[in-house]
Asks: 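Let me begin by handing over the structure; questions about it come next.
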Amino acid sequence: MKLNLREEFFLKRKRKKITAIELAKYIGCSQSLISRYETGNCGMNKQYIQKYREYINQK
């Protein structure tokens with residue numbers, strides 16, 4: 001089973017023990033946006049997704 005981008009990001013964040021609050025501060029958004037994005041309840045703009053990717057890949 002292939003993971004979608006949201007699932008991949010979520011699992012990588014959890015593996016690296018990065019909190020949604022820590023990630024939200026880096027991105028410049030709310031923790032609830034991170035949660036809603038990861039559960040598929042909303043989308044994020046391209047800039048936020050890029051910052052999400054940068055943060056979880058650098059940690």
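From a predicted model like this one, the values you see are computed outputs, not experimental measurements.
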Asks: Do Tyr55 and Lys59 have side-chain heavy atoms sitting under 4.5 Å apart?
Replies: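 Yes. Closest side-chain heavy atoms under 4.5 Å.
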Asks: To the nearest 0.5 angstrom, please state how far the CD atom of Gln47 sits from the CD1 atom of Ile27.
Replies: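 Between Gln47 CD and Ile27 CD1, I get 11.5 Å after rounding to 0.5 Å.
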Asks: Salt bridge or not for Lys16 and Glu22, using N-O below 4.0 Å?
Replies: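 Salt bridge between Lys16 and Glu22, a charged N being under 4.0 Å from a carboxylate O: no.
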Asks: Between Phe9 and Tyr37, how do the two ring planes meet: parallel, tilted or perpendicular, split at 30° and 60°?
Replies: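 Ring orientation of Phe9 relative to Tyr37: tilted.
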Asks: Linking I/L/V/M/F/W/Y whenever their side-chain heavy atoms sit closer than 4.5 Å, directly or via other members, would Tyr26 and Leu5 fall into one cluster?
Replies: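 Same cluster.
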Asks: Check whether Ile56 and Phe10 end up in the same hydrophobic cluster, where Ile, Leu, Val, Met, Phe, Trp and Tyr are linked by side-chain heavy atoms less than 4.5 Å apart.
Replies: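 No; tracing contacts between hydrophobic side chains, which count when under 4.5 Å, never links both residues.
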Asks: Would you say Ile18 and Lys12 make side-chain contact, with heavy atoms under 4.5 Å?
Replies: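 In short, these two side chains do not touch, never coming nearer than 4.5 Å.
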Asks: Please report the closest heavy-atom contact between Gln31 and Ala20, naming both atoms and the distance.
Replies: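 For Gln31 versus Ala20, the nearest heavy atoms are CG-CB, 3.7 Å.
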Asks: In Å and rounded to the nearest 0.5 Å, what is the CE to CZ distance from Met44 to Arg6?
Replies: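 The distance works out to 8.0 Å.
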Asks: Would you name the heavy atoms of Tyr48 and Gly28 that are closest together and state the gap between them?
Replies: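 Of all heavy-atom pairs spanning Tyr48 and Gly28, the closest is OH-O, 3.5 Å.
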Asks: Does Ile49 belong to the same Ile/Leu/Val/Met/Phe/Trp/Tyr cluster as Leu3, with side-chain heavy atoms less than 4.5 Å apart forming each link?
Replies: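 Different hydrophobic clusters.
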Asks: Nearest 0.5 Å, please: how far is OG in Ser32 from CG in Asn41?
Replies: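 So the CG of Asn41 and the OG of Ser32 are separated by 11.0 Å.
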Asks: Arg13 pairs by salt bridge (Lys or Arg N to Asp or Glu O under 4.0 Å) with which of Glu38, Glu7, Glu8?
Replies: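 Looking at Glu38, Glu7, Glu8, the match for Arg13 under the salt bridge (Lys or Arg N to Asp or Glu O under 4.0 Å) is Glu38.
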Asks: Could you list the residues that satisfy side-chain hydrogen bond (donor to acceptor under 3.5 Å, both in side chains) with Thr19, not counting sequence neighbours?
Replies: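 Listed in chain order: nothing, the list is empty.
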Asks: Which atoms form the tightest heavy-atom contact between Leu33 and Gly43, and what is the distance?
Replies: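 Closest heavy-atom pair between Leu33 and Gly43: CD1-O, 4.0 Å.
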